[in-house]
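Notes for the one structure printed next.
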Amino acid sequence: MSIASVDVTVTSPGRNFVTLKITTSDGVVGWGDATLNGRELSVASYLSDHLASMLIGRDEDRIEDTWQYLYRGAYWRRGPVTMAAIAAVDMALWDIKAKKAGMPLYQLLGGASRDGVRVYAHASGTDFEALSNAITGYRELGFTAVRVQTGVPGLGQIYGVSAAGPGVRYDYEPAKRSGDRPAEETWDTRQYLNHMPGIFSKIREEFGTDLRILHDGHHRMSPIEAARFAKDVEPYDLFWLEDATPGEDQTALRLIRQHSTTPLAIGEVFNTVYDYQTLITERLIDYVRSAVTHTGGITAMKKLLDFAAIYGIRSGIHGPTDISPVGMAAALHLDLAIHNFGIQEYMPHNEQTLEVFQTSFTFDKGFLHPGDQPGLGVELDEEAAGAFEYTKAYLPVNRLLDGTVHDW
Ligand code: CS2
Ligand code: MG
């Protein structure tokens, strides 16, 4: 058998997604997520204009060889666009292999190492009252872990903070439909540094010590600011502090480690194991944050997590709404199988998205399970997808009070 056709679908049921479909010569279909928030069309073109023709006629069972062919053979390596395209091909081929074997993908990855995958929700609010309502709401849904983000007095809308009032589901869309230009937001690290420790203190007072609290710094602190923040929040026992400082300079995290034992997570903007090499071998992080969709797929992610396991580092796979249900399912199969599982991010997709993607993963009392359908367990309804046209949408640009473009 061989790969007979390769198709790319760009659809926008409330937000943009890119999905790859690979069909074999005897009609087995595999799906891959190629969604790169704000740069979706770049990945769609990389797949349609460059990779599709190279894949036709290849043996669909040779997943490792195809991965190496697309990575090493491309000459131009790494980067989010390339690795999202390779990831989509890889996911689709694993989906096909598991369907042909008649088993859920996690069985091909070594079988289940746990009964379910602990997930965390995004609780946010413009002030503590709204944040507290959001935490309460997610706890009532059975979540045992929440990422907490809140407004900072004096600053306007901050990314990652739901603008919905009390009583409305507290999540946010990671990309705004703002025409040809991203929206802009204002930031001031000093106000943030002075405000957040008090918020964590109030959360612990109100919700006790069992609740796992995560927080995302979105790369906005300098290394020394991140070191101060990580030290200041130590008493509140965070499950992790994410993206405390820009991670391209991996050695910057040495400074944070020197000052604090707050667990660190980084990597949602990384796309190969090389982005982690110092972080992992020097144990500068505790959780690997990459998305399967942005890191070359299941083949690459399994190798990265096995490498991290040697150093006592666990998974914290990225799972926002700008990872499609296909990418989420790929994460869940890995989460269920690997030994060094940490936690899985879970921002539930909206109703329109779940009309387009037929999913089989299930949520129960704070845990997800990928299901036991053969393959990934997600199918794209191409007809439903056709009803939602691509619409430009971008993450906001972040500026300091004096107008300087700031880290994101
Ligand atoms: C966030 C995301 O999920 C997270 O940890 O950082 O909202 C992230 O900013 C977006 O997924 C980027 O597209
Ligand atoms: Mg993040």
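Order of appearance sets the numbers: ligands from 1, and atoms from 1 within every ligand. In this text, all values refer to a predicted model and were calculated from it rather than measured experimentally.
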Is the ring pair Phe229/Tyr192 parallel, tilted or perpendicular, if the boundaries are 30 and 60 degrees?
parallel

For His122 and Tyr172, take the angle between the two ring planes, folded into 0 to 90°, and tell me which bin it lands in: parallel under 30, tilted 30 to 60, perpendicular over 60.
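If you compare the ring of His122 with that of Tyr172, the planes turn out parallel.
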
So, is Asp243 placed with an N/O/S atom under 2.8 Å from the Mg ion (ligand 2), counting both backbone and side chain?
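Checking Asp243: none of its N, O or S atoms is under 2.8 Å.
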
Arg15 to Phe17, cation-pi by 6.0 Å centre distance and 45° axis angle
yes

Hey, does the Lys NZ or Arg CZ of Arg58 hover above the aromatic six-ring of Tyr69, less than 6.0 Å from the centre and inside 45° of the axis?
yes

Only N/O/S atoms count here: what is the atom of [X] closest to the Mg ion (ligand 2) called?
X      : result
Glu268 : OE1
Asp216 : OD2
Glu242 : OE2

Contact check, side chains of Arg314 and Ile343, non-hydrogen atoms, under 4.5 Å
no

In a simple table, one pair per line, please give the protein and ligand 1 atom names for every N or O pair closer than 3.5 Å, along with the distance.
unit_1	atom_1	unit_2	atom_2	d
ligand 1	3 (O)	His318	NE2	3.2
ligand 1	3 (O)	Glu345	OE1	3.4
ligand 1	3 (O)	Glu345	OE2	2.4
ligand 1	5 (O)	Arg147	NH1	3.4
ligand 1	5 (O)	Asp216	OD2	3.0
ligand 1	5 (O)	Glu242	OE2	2.9
ligand 1	5 (O)	Glu268	OE1	2.9
ligand 1	5 (O)	Arg289	NH2	2.9
ligand 1	6 (O)	Asp216	OD2	3.0
ligand 1	6 (O)	His218	NE2	3.0
ligand 1	6 (O)	Glu268	OE1	3.0
ligand 1	6 (O)	Glu268	OE2	2.8
ligand 1	7 (O)	Tyr159	OH	2.7
ligand 1	7 (O)	Tyr172	OH	2.6
ligand 1	9 (O)	Tyr159	OH	2.9
ligand 1	9 (O)	Glu268	OE2	3.4
ligand 1	11 (O)	His318	NE2	3.4
ligand 1	11 (O)	Asp322	OD1	2.7
ligand 1	11 (O)	Asp322	OD2	3.2
ligand 1	13 (O)	Asn37	ND2	2.8
ligand 1	13 (O)	Asp322	OD1	3.4
ligand 1	13 (O)	Asp322	OD2	2.9

Could you check whether atom NE2 of His339 has more than 12 heavy atoms from other residues, nucleotides or ligands sitting under 6.0 Å from it?
no

Checking Tyr311 now: which residues fulfil ring-ring contact (aromatic ring centres under 6.0 Å, His included) with it, not counting sequence neighbours?
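By the ring-ring contact (aromatic ring centres under 6.0 Å, His included) rule, Tyr311 matches Phe307.
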
Can you confirm whether the side chains of Tyr71 and Thr272 place a donor and an acceptor under 3.5 Å from each other?
no

